[in-house]
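Report on the following structure.
The figures here come from the full heavy-atom set of this structure, side chains too, leaving out hydrogens, waters and symmetry mates. Quick note on labels: first sequence line is chain A, next is B, and so on, each numbered from 1.
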Number of protein chains: 2
Amino acid sequence: MSTEIDKFDSVKKIFTAYLENKGLRKTPERFAILEEIYLRDDHFDVEELYISMKNKKYQVSRATVYNTLDVLVECDLVVKHQFGRNQAQFEKSYGRRQHDHLICTDCHKVTEFCDPRVQTIQSLVGEMLHFNVMHHSLIFYGSCTNKNCEHRANFQARSQE
Amino acid sequence: MSTEIDKFDSVKKIFTAYLENKGLRKTPERFAILEEIYLRDDHFDVEELYISMKNKKYQVSRATVYNTLDVLVECDLVVKHQFGRNQAQFEKSYGRRQHDHLICTDCHKVTEFCDPRVQTIQSLVGEMLHFNVMHHSLIFYGSCTNKNCEHRANFQARSQE
DNA sequence: GTATATGCAAAAAATTTGCACCGTG
DNA sequence: CACGGTGCAAATTTTTTGCATATAC
């Protein structure tokens with residue numbers, strides 16, 4: 001649908017403006033990586049992204065993937081997570097509403113949820129401790145009690161959306 | 001003071017009971033590592049713990065430190081964190097009230113805070129998504145605007161307490 | 001005595017770095 | 001056409017694993 005294309009267009013513009021503003025080069029590799037990330041709808045790690053680029057027309061090196069992800073995180077087009085393992089996970093962030101994560105300790109799948117009260121706590125704690133809180137990470141670790149419950153169906157659907 | 005000794009006594013009893021219950025051996029290395037952790041009052045990584053054991057009477061290998069930390073995390077005497085870098089951080093957990101963390105993106109220091117509303121959100125989200133939430137991790141990333149502010153003094157004091 | 005834990009060193013996994021070459025500005 | 005970016009490989013960092021030895025039970 002056209003809204004998706006419009007959205008990616010905005011993303012490209014933001015990235016272009018950021019690169020120009022910082023005096024960084026607009027290389028095809030950087031835009032290829034951006035596109036690959038915005039075609040995906042799941043959480044991914046560096047290796048997964050690298051492999052899917054390898055399997056397509058774009059040949060990029062791991063070093064470039066790491067470098068570009070850093071740039072994309074800096075300009076807020078991608079968010080980096082450490083979900084408790086020794087491997088960073090990433091997800092696109094433009095046009096996505098603020099959300100947090102629930103990790104299944106059985107199957108390691110990631111579910112998202114929103115709760116505006118987290119923002120309230122963030123503001124209050126920041127004020128109380130004289131901290132300028134820029135962002136947060138809230139993760140609930142747990143498991144689904146029933147193997148065929150609604151939740152399990154939900155996140156299957158989401159991860160392919 | 002005697003309450004600290006009493007507390008460590010309880011911790012040793014819990015660990016002993018856990019090891020017996022699981023049929024694991026009560027080796028001197030395991031208790032030495034437990035003691036070293038409970039003598040510390042800060043957040044630490046594997047290397048820091050390993051170095052401070054090396055500098056004392058106990059000679060343990062890194063492998064044993066990793067192994068023992070796993071056991072201690074399993075029996076809830078130690079909590080493991082991934083504060084956004086590629087190195088796990090740990091802290092003792094017995095007798096400590098539930099708390100979350102604020103990380104300074106400038107100096108990487110860790111501050112603690114409590115807010116009971118996090119538990120409320122945890123319960124509600126778990127119920128809503130049919131998830132049995134076992135524990136959570138809430139981290140605020142930010143920075144102190146004033147280099148000599150009260151907060152900075154606070155965490156300096158805390159990290160040496 | 002026997003199975004489990006330890007210590008060491010090697011392997012694995014994730015990320016970073018150095019350097020020659022390429023291509024954007 | 002210069003300098004920043006890329007690709008590759010080597011180096012670093014963190015964690016895991018294999019195996020011989022030691023020791024708790």
Side-chain angles (χ1 to χ4, degrees), chain A residues 12 15-37 43-75 78 80-90 108, chain B residues 12 15-36 43-75 78-90 108:
Chain A
K12 270 198 290 199
F15 193 36
T16 303
Y18 180 83
L19 292 175
E20 284 172 355
N21 183 251
K22 292 278 178 176
L24 299 171
R25 289 186 182 171
K26 291 172 289 232
T27 65
E29 289 84 356
R30 286 178 171 162
F31 284 92
I33 291 170
L34 180 71
E35 184 169 3
E36 179 60 30
I37 291 170
H43 296 79
F44 58 90
D45 57 45
V46 172
E47 198 59 19
E48 285 167 354
L49 183 60
Y50 173 72
I51 296 297
S52 45
M53 307 268 323
K54 278 272 167 188
N55 292 341
K56 296 192 178 179
K57 54 192 169 198
Y58 309 118
Q59 290 282 113
V60 290
S61 70
R62 278 190 191 78
T64 301
V65 172
Y66 277 103
N67 169 43
T68 303
L69 279 171
D70 280 349
V71 179
L72 290 171
V73 168
E74 271 164 44
C75 68
V78 168
K80 180 176 184 173
H81 300 289
Q82 291 284 161
F83 286 145
R85 277 184 295 177
N86 318 316
Q87 194 185 51
Q89 301 256 108
F90 299 84
H108 303 106
Chain B
K12 270 198 291 198
F15 193 37
T16 302
Y18 180 82
L19 292 175
E20 284 172 355
N21 183 251
K22 292 277 178 177
L24 298 171
R25 289 187 183 170
K26 291 171 290 225
T27 65
E29 289 84 357
R30 286 177 171 163
F31 284 92
I33 291 170
L34 179 71
E35 184 169 2
E36 179 60 31
H43 296 79
F44 58 89
D45 58 45
V46 172
E47 198 60 20
E48 285 168 352
L49 184 60
Y50 173 72
I51 296 297
S52 44
M53 307 269 320
K54 279 272 169 189
N55 291 341
K56 296 190 179 181
K57 55 193 167 194
Y58 309 118
Q59 290 282 113
V60 290
S61 70
R62 279 191 190 77
T64 301
V65 172
Y66 277 102
N67 168 43
T68 303
L69 279 171
D70 281 348
V71 178
L72 289 171
V73 168
E74 271 164 43
C75 67
V78 168
V79 176
K80 180 177 184 172
H81 300 289
Q82 291 284 162
F83 286 144
R85 278 184 295 177
N86 318 314
Q87 195 186 50
Q89 301 256 108
F90 299 84
H108 304 106

Legend entry - A/Lys80 and A/Leu69: CA distance, side-chain angles, deciding distance, side chain to side chain contact (heavy atoms under 4.5 Å, CB included) verdict: CA-CA 9 Å; A/Lys80 180 176 184 173; A/Leu69 279 171; over 6 Å; no

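- Between B/Asn86 atom CG and D/dT13 atom C1' there is a gap of 8 Å when expressed in whole angstrom units.
- When each of A/Tyr50 and B/Ala88 is assigned the nucleotide of DNA chain D with its nearest heavy atom, A/Tyr50 is the one assigned upstream, toward the 5' end.
- Five base pairs at each end of the helix from C/dG1-D/dC25 to C/dG25-D/dC1 define two local axes, and these are offset by 30° (rounded to 10°).
- Inter-residue side-chain proximity for B/Lys54 and B/Gln59 is flagged as met; some heavy-atom pair is nearer than 4.5 Å.
- Qualifying side chain to side chain donor-acceptor pair (under 3.5 Å) partners for A/Glu36, counting only residues two or more places apart in sequence or in other chains: A/Ser52, A/Lys56.
- Counting to the nearest Å, the C1' atom of D/dG5 and the CG atom of A/Leu19 are 12 Å from each other.
- Distance B/Phe44 CZ to D/dT14 P: 16 Å, rounded to the nearest Å.
- Atom pair A/Arg85:CZ and D/dT16:C1' shows a separation of 15 Å (rounding to whole Å applied).
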Cut-off 3.5 Å, no hydrogens considered: what does the side-chain donor-acceptor table look like for residues 82-90 of chain B, sequence neighbours left out?
{"unit_1": "B/Gln82", "atom_1": "NE2", "unit_2": "B/Arg85", "atom_2": "O", "d": "3.4"}

Enumerate donor-acceptor pairs with a distance under 3.5 Å from any side-chain N or O in residues 21-31 of chain B to protein atoms, sequence neighbours excluded.
{"unit_1": "B/Lys26", "atom_1": "NZ", "unit_2": "B/Glu20", "atom_2": "OE2", "d": "2.6"}
{"unit_1": "B/Thr27", "atom_1": "OG1", "unit_2": "B/Arg30", "atom_2": "N", "d": "3.3"}
{"unit_1": "B/Arg30", "atom_1": "NH1", "unit_2": "B/Arg25", "atom_2": "O", "d": "2.8"}

Inset, instruction - Encode nucleotides 19-25 of chain D as B, S and - characters from 5' to 3', where the letter depends on protein heavy atoms closer than 4.0 Å: B to the base, S only to sugar-phosphate, - to neither. - result: ----BBS

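- As judged by a 4.0 angstrom heavy-atom cut-off over every strand, B/Glu47 is placed among residues making no nucleic acid contact.
- Nucleotides of DNA chain C lying under 4.0 Å from heavy atoms of chain B occupy a range whose first and last members, 5' to 3', are C/dA3 to C/dT15.
- In this view, A/His81 and A/Glu91 satisfy the side chain to side chain donor-acceptor pair (under 3.5 Å) rule, not counting sequence neighbours.
- Here the closest heavy-atom approach between residue A/Val65 and residue A/Ile33 is recorded as CA-CD1, 3.9 Å.
- Non-hydrogen atoms lying under 4.0 Å from DNA chain D are contributed by B/Ala63, B/Tyr66, all within residues 61-73 of chain B.
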Extract all donor-acceptor atom pairs below 3.5 Å that involve side chains of residues 44-51 of chain B and protein atoms in other chains or at least two apart in sequence.
{"unit_1": "B/Asp45", "atom_1": "OD1", "unit_2": "B/Glu47", "atom_2": "N", "d": "3.1"}
{"unit_1": "B/Asp45", "atom_1": "OD1", "unit_2": "B/Glu48", "atom_2": "N", "d": "2.7"}
{"unit_1": "B/Glu47", "atom_1": "OE1", "unit_2": "B/Arg62", "atom_2": "NE", "d": "3.0"}
{"unit_1": "B/Glu47", "atom_1": "OE2", "unit_2": "B/Arg62", "atom_2": "NH2", "d": "2.9"}
{"unit_1": "B/Glu48", "atom_1": "OE1", "unit_2": "B/Asp45", "atom_2": "N", "d": "3.1"}

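- D/dG7 atom C1' lies 18 Å from atom OH of A/Tyr58, rounded to whole Å.
- In terms of the side chain to side chain donor-acceptor pair (under 3.5 Å) criterion, residue partners of A/Tyr18 (sequence neighbours excluded) are, by chain and number, A/Glu74.
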